[in-house]
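Worksheet: the structure to be examined is printed underneath.
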Amino acid sequence: MNTKGIEAVALSIRSLSMDAIQKANSGHPGLPLGAAEIAAALYGEVMKHNPANSHWVDRDRFVLSAGHGSMLLYAILHLAGYKVSLDDIKTFRQVGSKCPGHPEVGVTDGVESTSGPLGQGIAVSVGMAIAEAMLAARFNTSHHTIVDHYTYSLVGEGCLEEGVSSEASSLAGNLKLGKLIVFYDENKISIDGCTDCTFTDDVQKRYESYGWQVLRGSMYNVGEIIDLVNVAKSEKNKPSLIILKSVIGKGAPKQGTADVHGSPLGADGCVEAKKTLGLPENEQFYVVPEAYQYFEERRKAFAQAESDWNAEFDAWAAENPELKTLWDAYWNHTQTAEAAAPTYKVGDKLATRDSSGKSLNCMADRYQWLVGGSADLQGPNKTKVKNDDGTFSPENRKGRTIEYGIREFAMSQVQSGINLHGGLRAFGATFLVFSDYLRPSLRVAALSKIPNIYVFTHDSIYVGEDGPTHQPIETLAALRCIPNVQVLRPGDAEESQVAWEMALESTDHPVCMAFSRQGLAVYEKADKDWMQNARKGAYVVREGADTPDITILATGSEVNMALEAASLVEGKKIRVVSVFDRTLFEKQDETFQKKILGNAKRVVVAEAGSRMGWEGYAKKADLFTLNDFGESGPANAVAEHLGFTAAALAELLKK
């Protein structure tokens with residue numbers, strides 16, 4: 001190990017970080033000043049990576065869960081030779097910069113995930129480690145190992161205080177993910193001061209109780225850090241937490257205090273820090289020459305590692321042509337087998353959660369790379385994949401079903417990690433009302449353009465006896481208002497199949513599918529091109545007339561309700577439209593929208609949820625929606641109590 005080179009890298013990280021933050025007059029200098037050595041050690045000596053190719057599939061992954069310390073990551077990426085220039089660093093936190101305030105995947109070369117809100121990065125790391133284990137079990141052979149990498153993450157006190165870290169870490173320990181290594185930057189400082197005022201957990205005992213190996217060392221002894229990583233790697237059946245004692249803002253005038261956590265050091269503070277650290281006091285964005293030289297010397301080793309892997313891969317491919325074909329399908333997300341879609345007859349009655357289960361199995365047969373599971377609701381969610389490789393476990397790494405336990409937030413972030421890793425596509429399932437538990441993750445997935453698939457069942461007041469806590473009212477509106485999130489609410493079994501096909505086709509946004517608990521009849525579609533038009537957001541189920549008196553815009557179970565209500569009204573021409581995806585429908589051109597609406601004299605909306613977002617379609621009096629919590633009782637009795645029935649809708653239509 002080139003100790004002098006590593007020291008130069010760590011010193012340069014501190015130099016670049018304090019100057020970038022000062023120039024932006026915004027940022028968090030505490031972490032990059034206090035934890036520079038871990039970045040230098042990882043990117044210089046520990047990780048298998050090649051800065052010349054940040055997409056090498058068998059690279060080690062690094063996730064900065066403590067994303068406010070983003071300058072640590074940008075500085076090391078620049079020094080190591082990724083496509084992050086000194087000019088990029090000089091535009092830190094500016095509009096359009098490759099170095100935004102928190103790391104964002106797809107914006108900066110070498111950034112593996114968008115690590116905004118604290119704690120989410122840990123769960124993403126768990127997902128990446130699961131993906132590595134799954135792919136290794138599928139593709140490694142007795143003669144060749146082509147999937148063999150580690151996932152690393154850096155966390156702070158804030159990450160460990162957030163509940164999602166507990167969910168994800170518990171899951172990781174249960175699954176014995178031995179190739180997950182997390183570093184805890186233990187500096188005992190947060191925004192409001194010493195963390196002892198709120199956080200006195202025995203972190204070591206906590207993680208040992210999760211089933212982790214826990215190791216301890218100093219942030220400022222690179223040799224010790226490397227030794228600890230080797231110890232972590234020797235433990236095959238436990239993820240490892242390496243606790244590194246550090247000083248926040250090391251070298252700054254107010255090191256070790258909350259003052260250095262989240263504010264620039266100030267011009268004078270930077271000068272004083274540079275004096276302390278032995279940097280040129282008046283030179284901005286200074287890089288110690290030995291730092292560049294160190295990575296220049298390491299570049300050949302980085303390239304050789306990928307070259308060696310390419311040779312191994314070629315030999316594996318030559319010996320295993322069928323596996324190679326499957327590998328290409330996994331990484332390109334192409335079909336791996338033929339499987340006929342389920343078919344239904346008009347009048348067949350089943351809950352859309354049941355038809356979703358049939359469609360899921362169709363998709364799982366077509367696409368072997370589809371994996372996922374439920375938050376302890378596999379039966380109610382109907383997400384059991386039949387004839388698969390079983391449940392993913394320490395004993396069965398080929399399993400395609402992930403049992404998440406009651407951990408909705410972690411489930412969502414884990415599937416983000418799996419999808420970011422590549423080679424697999426993950427879904428997660430729970431009740432629609434519990435989307436509130438995972439909403440922060442869904443928002444980051446949408447921002448990151450990750451095509452997560454969410455199966456949400458029990459989508460309305462028709463949950464019945466479980467009562468208002470389990471009956472989503474405002475939830476659909478809440479999901480629709482997140483940018484880049486697609487919300488599909490199928491009205492019958494045939495629409496459920498289209499929903500799953502659309503979900504699998506998504507490449508740049510999460511898809512949320514809301515399915516019913518109660519049985520819904522398959523209805524005849526007046527629109528012969530209904531499948532194509534459903535993919536535009538809406539289609540005509542009941543024609544009524546070219547220019548109807550009333551057009552009912554209905555979603556999900558309310559399409560059946562609208563059809564029944566229309567049959568109860570005499571003397572009016574009533575069109576019924578299934579609004580499969582309201583947001584998508586709104587994006588279509590005016591010609592298509594008018595064609596679907598039919599230039600109706602009056603529009604009525606029917607949805608078992610909040611009126612929010614529907615106001616532009618109909619007058620307030622014609623919004624047949626729910627704007628208060630439900631009740632506990634049999635589903636039909638609850639609907640009667642709330643006045644949300646086909647008969648009540650018919651009375652509205654008659655007015």
Side-chain angles (χ1 to χ4, degrees), residues 341-364 372-386 427-435 453-468 470-473 475-476 479 487-503 511-525 534 541 554-564 576 578-581 606-609 626 630 632-640 642 644-646:
T343 58
Y344 306 94
K345 302 187 301 293
V346 172
D348 286 349
K349 190 172 184 179
L350 68 165
T352 52
R353 65 168 174 165
D354 290 316
S355 54
S356 167
K358 296 176 185 291
S359 294
L360 165 60
N361 274 277
C362 169
M363 297 297 106
S374 166
D376 197 50
L377 292 168
Q378 185 180 100
N381 289 154
K382 306 298 180 183
T383 50
K384 172 65 176 175
V385 177
K386 302 171 185 176
F427 72 88
T430 187
F431 291 168
L432 178 60
V433 77
F434 298 153
S435 65
I453 298 172
Y454 297 91
V455 179
F456 294 135
T457 68
H458 296 60
D459 69 342
S460 70
I461 59 168
Y462 295 101
V463 172
E465 290 87 348
D466 280 344
H470 284 54
Q471 295 172 15
I473 302 296
T475 315
L476 286 169
L479 293 174
V487 181
L488 305 174
R489 191 169 182 236
D492 71 358
E494 292 181 330
E495 289 186 19
S496 298
Q497 176 66 20
V498 176
W500 266 103
E501 291 175 358
M502 291 175 68
V511 178
C512 300
M513 297 180 288
F515 298 108
S516 73
R517 180 196 188 195
Q518 76 276 22
L520 301 175
V522 175
Y523 34 77
E524 188 173 356
K525 282 80 172 170
V541 178
T555 77
S557 53
E558 286 66 72
V559 179
N560 265 272
M561 174 191 282
L563 290 169
E564 183 181 349
V576 175
S578 174
V579 184
F580 192 55
D581 178 346
E607 182 169 76
L626 295 168
S632 178
N636 290 336
V638 171
E640 288 282 354
L642 296 174
F644 198 79
T645 63

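Owing to the predicted nature of the structure, the values given are computational and were not obtained by experimental measurement. Throughout, numbering of the chain's residues begins at 1 and tracks the sequence.
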Legend entry - For Phe431 against Asn381, the heavy-atom pair lying closest together: CD2-ND2, 3.8 Å

Inset, instruction - Look at the side chain of Arg353 and the backbone N and O of Pro380, then say whether any donor-acceptor pair between them is shorter than 3.5 Å. - result: yes

Legend entry - Closest contact, heavy atoms only, Val541 versus Ser578: CG2-CB, 3.7 Å

Inset, instruction - Could you grab the distance from atom CE of Met502 to atom CZ of Phe580, nearest 0.5 Å is fine? - result: 5.5 Å

Inset, instruction - Find the distance between CD (Glu558) and CD (Glu564) and round it off to the nearest 0.5 Å. - result: 12.0 Å

Legend entry - side-chain hydrogen bond (donor to acceptor under 3.5 Å, both in side chains) partners for Tyr344, two or more places apart: none

Inset, instruction - Would you please name every residue forming a side-chain contact (heavy atoms from CB on, under 4.5 Å) with Leu626, sequence neighbours left out? - result: Ile461, Ile473, Ala608, Leu642, Phe644

Inset, instruction - Determine the minimum heavy-atom distance between Leu479 and Ser435, stating which atoms define it. - result: CD2-OG, 4.2 Å

Inset, instruction - Could you pull out all residues at least two apart from Tyr454 that satisfy side-chain hydrogen bond (donor to acceptor under 3.5 Å, both in side chains)? - result: Ser412, Asn452

Inset, instruction - Just jot down the side-chain hydrogen bond (donor to acceptor under 3.5 Å, both in side chains) partners of Thr555, sequence neighbours excluded, or say none. - result: Arg489, Glu607

Inset, instruction - Using modelled atom types only, decide if a donor and an acceptor are shared between the side chain of Lys349 and the backbone of Gly347 within a distance under 3.5 Å. - result: no

Inset, instruction - Measure the spacing between CG of Leu432 and OG of Ser516 and express it to the nearest 0.5 Å. - result: 11.5 Å

Legend entry - Main-chain N/O of Tyr523 paired with Asp492 side-chain donor or acceptor, under 3.5 Å: yes

Legend entry - Minimal non-hydrogen separation, Ser557 against Gln518, with atom names: CB-NE2, 3.3 Å

Inset, instruction - Over all heavy atoms of both residues, which pair between Cys362 and Pro342 is shortest? Give the atoms and the distance, please. - result: CB-CD, 4.1 Å

Inset, instruction - Show your working on side-chain contact (heavy atoms from CB on, under 4.5 Å) between Asp581 and Val487 and close with a plain yes or no. - result: CA-CA 6 Å; Asp581 178 346; Val487 181; 5.5 Å; no

Legend entry - Within 6.0 Å of NZ in Lys525, more than 12 heavy atoms from elsewhere: yes

Inset, instruction - Using a cut-off of 6.0 Å, state whether more than 12 heavy atoms not belonging to Glu640 lie near its atom CD. - result: no

Legend entry - Candidate pair Thr430 and Phe456, rule side-chain contact (heavy atoms from CB on, under 4.5 Å), full reasoning: CA-CA 5 Å; Thr430 187; Phe456 294 135; 3.8 Å; yes

Legend entry - With sequence neighbours excluded, residues passing salt bridge (charged side-chain N to carboxylate O under 4.0 Å, His left out) with Lys386: none

Inset, instruction - Answer yes or no: is there an ion pair linking Arg517 with Asp466, defined by an N-O contact shorter than 4.0 Å? - result: no

Inset, instruction - With rounding to the nearest 0.5 Å, note down the distance linking OG in Ser356 to CD in Glu495. - result: 13.0 Å

Legend entry - Shortest non-hydrogen contact between Ala562 and Val576, atoms and distance: CB-CG1, 3.9 Å

Inset, instruction - Begin from the C-alpha positions of Val455 and Trp500 and carry the test side-chain contact (heavy atoms from CB on, under 4.5 Å) through to its verdict. - result: CA-CA 10 Å; Val455 179; Trp500 266 103; 3.5 Å; yes

Inset, instruction - Mind checking the CG-CG spacing from Leu520 to Asp348? Nearest 0.5 Å is all I need. - result: 12.5 Å

Legend entry - Residues in side-chain contact (heavy atoms from CB on, under 4.5 Å) contact with Ser632, at least two apart in sequence or another chain: none

Inset, instruction - List the steps, then state whether side-chain contact (heavy atoms from CB on, under 4.5 Å) holds for Leu377 with His458. - result: CA-CA 11 Å; Leu377 292 168; His458 296 60; over 6 Å; no

Legend entry - CE on Met513 to CG on Leu488, rounded to 0.5 Å: 7.0 Å

